[in-house]
Amino acid sequence: MIELGHFAAFLALGAALAQGWFGLRGQRDLAGQMALVSCATMAIGFATIIVAFARSDFSVALVANHSHTLKPFLYKIAGTWGNHEGSMALWCLVTTAFGAAGAWLMRTDRPLFEARALGVQGLIGVGALVYLLFASSPFTRLDVPPLQGASLNPLLQDPALAIHPPLLYLGYVGYSFVFALAAAGLIEGRIDQTWAKVARGWSMAAFVPLTIGIMLGSYWAYYELGWGGWWFWDPVENASFMPWLIGAALLHSVIVTEKRGSFAAWTALLAVLAFCFSILGAFLVRSGILTSVHAFAVDPMRGSFLLAGLCIYGGAALVLFAFRAPSITGGAAWALKSREGALMANNIVVIVATLTVLLGTLFPLMAEAAGWQMSVGEPYFNLTFAPIMTLALIMLPVVQAWSWGHAEGRGWVQWAAAFAGIMAVVGVFGFGVWDLRTGAVIGIAVGIWLIAGAGIELWRRAKTPGRLFRLPLRVWGMSLAHAGIGIFMFGAVIETTERFERTLALSTGESAEVAGWTVTLNSVRSIEGPNWYADEAALVATRGDEEAMLSPQKRFYPAARMPTTETAIHKTPSGDLYAALGDFRRTETGQVWTFRVYFNPLIDLIYIGVILISLGAAMTMIPRRRRA
Amino acid sequence: MTLVGSAIVLALMTSEPLSDPDAEARAQGLMREIRCVACENEPVSQSAAPIAEDMRARIREMVADGATNNEVRDWFEARYGAHALFRPPARGIGGTLLWLLPFAFLALGGVIAMLLRGRRNTREITPVEPDHDAGTQP
């Protein structure tokens, strides 16, 4: 079976090569057919890996190393992409699938442009498939199959994490097609409104799954790792956040190119960069360089390969850009005080924020390479990234309100005064009444600013309540997404500054106070699951008349010889009461269990906000109905 | 089943939160800044390692004794090296660059925006309302 998959993957490589060849020669139809062949054969290749996992075929090295017969079926399947080789196979599948989707969906009157885009996508597929087949093959057999597999890291046996990688890859790899479109546009030196119309759709198609994928990863970290937080500025998280930021800048810049023909070179550059940051993310996560620059040296093959890919594809595109950019002009004229001007400023600030994340992520690696040790973590990003990004968010409603070309009406001084007014009111309540910290006060003011801005924008366009629901979906999508950022801000700043945590040591029957709750330990019992056993505590938390049962577990997966924490979360309107079971010790009086108990205020707003952002972005993709 | 992980627990202690809520909040803030020296990439606030509990207790002790945030940071830096601080000190070439560069980028971005700014002759540009732009597509 797996040999068939191996063979199919080679066929996919051949078809991708042919796609690249025909595409760059301008043969649209042949390139499109090759893209479909490449996708179909890679799908067969990927299916054989899934089948091997489903049947627990331990003669396949990958399955033997990462699966186990007792694992629940869902996680056997999800185990296919829960490891390096399998996830790279998924990467290849998504790459070829975007090529096939492009061949099927692209309908411009420019066959040469479409052919070249498919050709570049074919070449990206070639790179991914060569990496898969020669540097991380999932198709290897073992001479002597073991009787039992080594299991999947139990932390990854979780529903959110089963679909997190495919969504993330849809985003990462989605930008490969945007990259291909940019390359094709640059080759013919034509980045215009027709080009932007195509590119906008595909940038959205990558942005939405990337957003949801990052959110699922964050939610998983929140409830599974038992740390109480939702974003840790871990390099792995940053690796997915940087393409997201570039992608957000891109999908606004591409709108300007679509509507006005301006920003063409800038949009093309962002389209190239979004995919470069995706490869950089893959490199950071997959090379082992993050644990230490020295871990990278242990198996330099994979990392070097990805780095070489980044240099070749990114370098070639940037050289192409350097040659073509000067000749790309056009678009309607615009003044600094205009929608374009405000959007350009906003875009630049977002790029600076991305560079800040890049700096904070890579700096410890560079320092280590230079021989000294240092750490960069949450406090650094809170003091650099957060204020810079806040600047971009404050500018957001201004971009919405100004017209194209040259905005009349309120200038930036009036807008700044309006924001200062909101700031002052929130400041009076925040500092005087609620006793909040500075960061939280600014964040809440920005949140109100964004939500009000989105509402006013809807009203300004509708003018009458009746027309509100007849507005195009694109306008609703935009407003929802921007209001979503505001809701996210409320949750993010309150959770980050007002989170309360306490470590408790309780024996049965004892109580302690946490953030207004009285937590009592009733009992601790042993339970068993399909492939794990656990200690489960029964905690009762009371606050006034309110009572909540919390049952945090500490699981042990014998196959992987690994413990995990299963947190217990009680949701209230004001936040989550969150408990994780720690270790226990014996004392003279009996057994004492430790708990980490948190109160995470308003944390749901973070996820509601991000859901609104993805929903709004998805709505803008629905084509406008033609009115008769 | 209750033997799970018991071997490493004997050294484990929990430190009581400080009675003064402001001091406790300050201590918890510091716990998120100081790195657990036995862990891969976690501040002591997140780590379940015994040494992290010791470090949390030490932070509370120092805060209760009236140490300023900088004194706590300096103490951990002297003891475990700059590696222990997730908020790297802005000292030396590296630290200065790390803290200055983002804002230098921002200033540079401002300069670029000024250079790129549109034609000055704004009177001749007809404003186009964003809701009337659907027809501009070719």
Side-chain angles (χ1 to χ4, degrees), chain A residues 193-194 197 227 229 232 234-235 258-260 291 333-341 344-345 348-349 351-352 355-356 359 363 367 372-380 384-385 388 403-408 461 475 501-505 524 526 533 535 554 556 563 582-585 594 624, chain B residues 1-2 4-6 8-10 12-15 17 25 28 32-33 35 40-43 45-46 48 53 56 81-88 94-95 98-99 101-103 105-106 108-110 112-113 116-131 133-134 136-138:
Chain A
Q193 287 174 287
T194 308
K197 207 172 175 198
W227 296 339
F232 304 97
D234 188 271
E258 184 192 356
K259 298 284 188 196
R260 305 279 291 169
T291 18
W334 50 277
L336 199 57
K337 186 189 161 193
S338 68
R339 203 175 181 82
E340 289 99 326
M344 175 56 77
I348 288 176
V349 176
I351 298 303
V352 170
L355 290 178
T356 305
L359 183 72
F363 206 81
W372 37 287
Q373 296 255 310
M374 71 180 305
S375 308
V376 176
E378 189 188 335
Y380 174 76
T384 54
F385 173 82
I388 292 173
S403 359
W404 297 113
H406 166 48
E408 287 159 339
R461 290 190 185 219
V475 174
E501 63 177 281
R502 183 170 174 192
T503 307
L504 303 178
V524 179
S526 300
Y533 50 87
D535 294 323
K554 195 171 176 67
F556 188 70
D583 296 309
F584 93 115
R585 66 191 147 105
T594 60
R624 169 194 289 257
Chain B
M1 298 296 154
T2 49
V4 176
S6 64
I8 52 164
V9 192
L10 293 171
L12 197 141
M13 298 200 334
T14 60
S15 76
Q28 291 198 3
R32 284 156 67 174
E33 279 187 19
R35 181 178 184 143
E40 197 147 281
N41 192 19
E42 296 170 29
S45 66
Q46 285 166 15
E53 186 56 47
R56 285 195 287 266
H83 187 58
L85 303 181
F86 269 125
R87 176 188 188 140
L98 182 65
W99 285 99
L101 273 178
F103 301 100
F105 289 150
L106 196 61
L108 191 69
I112 291 175
L116 280 178
R117 79 192 211 163
R119 324 229 161 121
R120 287 164 149 231
N121 205 351
T122 56
R123 298 261 161 80
E124 288 165 18
I125 306 171
T126 328
V128 178
E129 281 287 306
D131 35 1
D133 55 14
T136 60
Q137 287 156 31

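Residue numbers begin at 1 in each chain, while the letters A, B, ... track the order of the sequences.
No other option in B:Ala82, B:Gly95, B:Gly109, B:Pro88 has as many heavy-atom pairs under 4.5 Å with chain A as B:Pro88. Per-residue heavy-atom pair counts under 4.5 Å with chain B were compared for A:Ser338, A:Pro379, A:Gly229, A:Ala407, and the maximum is reached by A:Pro379. By number of non-hydrogen pairs under 4.5 angstrom with chain B, the leading residue of A:Thr356, A:Ile351, A:Val349 is A:Thr356. Taking chain B as the reference chain and counting heavy-atom pairs below 4.5 Å, the highest number among A:Gly405, A:Gly377, A:Ser375 is found for A:Ser375.
Counting heavy atoms from C-beta on, the side chains of B:Pro43 and A:Glu378 never come closer than 4.5 Å.
Among residues two or more places apart in sequence or in another chain, the side-chain hydrogen bond (donor to acceptor under 3.5 Å, both in side chains) test is passed with A:Glu408 by none.
Using a 4.5 Å cut-off between heavy atoms, B:Arg32 touches chain A through backbone and side chain atoms alike. Only the side chain of A:Phe363 comes within less than 4.5 Å of a heavy atom of chain B; its backbone N, CA, C and O stay farther away. For a residue to count as touching a neighbouring chain, one of its non-hydrogen atoms must lie under 4.5 Å from one of that chain's; by this rule B:Leu85 touches chain A with the backbone only. For a residue to count as touching a neighbouring chain, one of its non-hydrogen atoms must lie under 4.5 Å from one of that chain's; by this rule B:Glu33 touches chain A with backbone and side chain alike.
Nearest heavy atoms, B:Pro102 versus A:Tyr380: CG-OH, 3.5 Å. Minimum heavy-atom separation, A:Val352 to B:Leu106: CG1-N, 3.7 Å.
With values rounded to the nearest 0.5 angstrom, A:Glu501 atom CD is found 7.5 Å from B:Arg56 atom CZ. One finds the CD atom of B:Glu42 at 9.0 Å from the CZ atom of A:Phe232 (value rounded to the nearest 0.5 Å).
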| request: Verify side-chain contact (heavy atoms from CB on, under 4.5 Å) between A:Ile388 and B:Phe105, making sure each step is shown before the conclusion. | output: CA-CA 10 Å; A:Ile388 292 173; B:Phe105 289 150; over 6 Å; no
| message | Would B:Val128 and A:Lys259 count as a side-chain contact (heavy atoms from CB on, under 4.5 Å) here? Give the steps. | response | CA-CA 11 Å; B:Val128 178; A:Lys259 298 284 188 196; over 6 Å; no
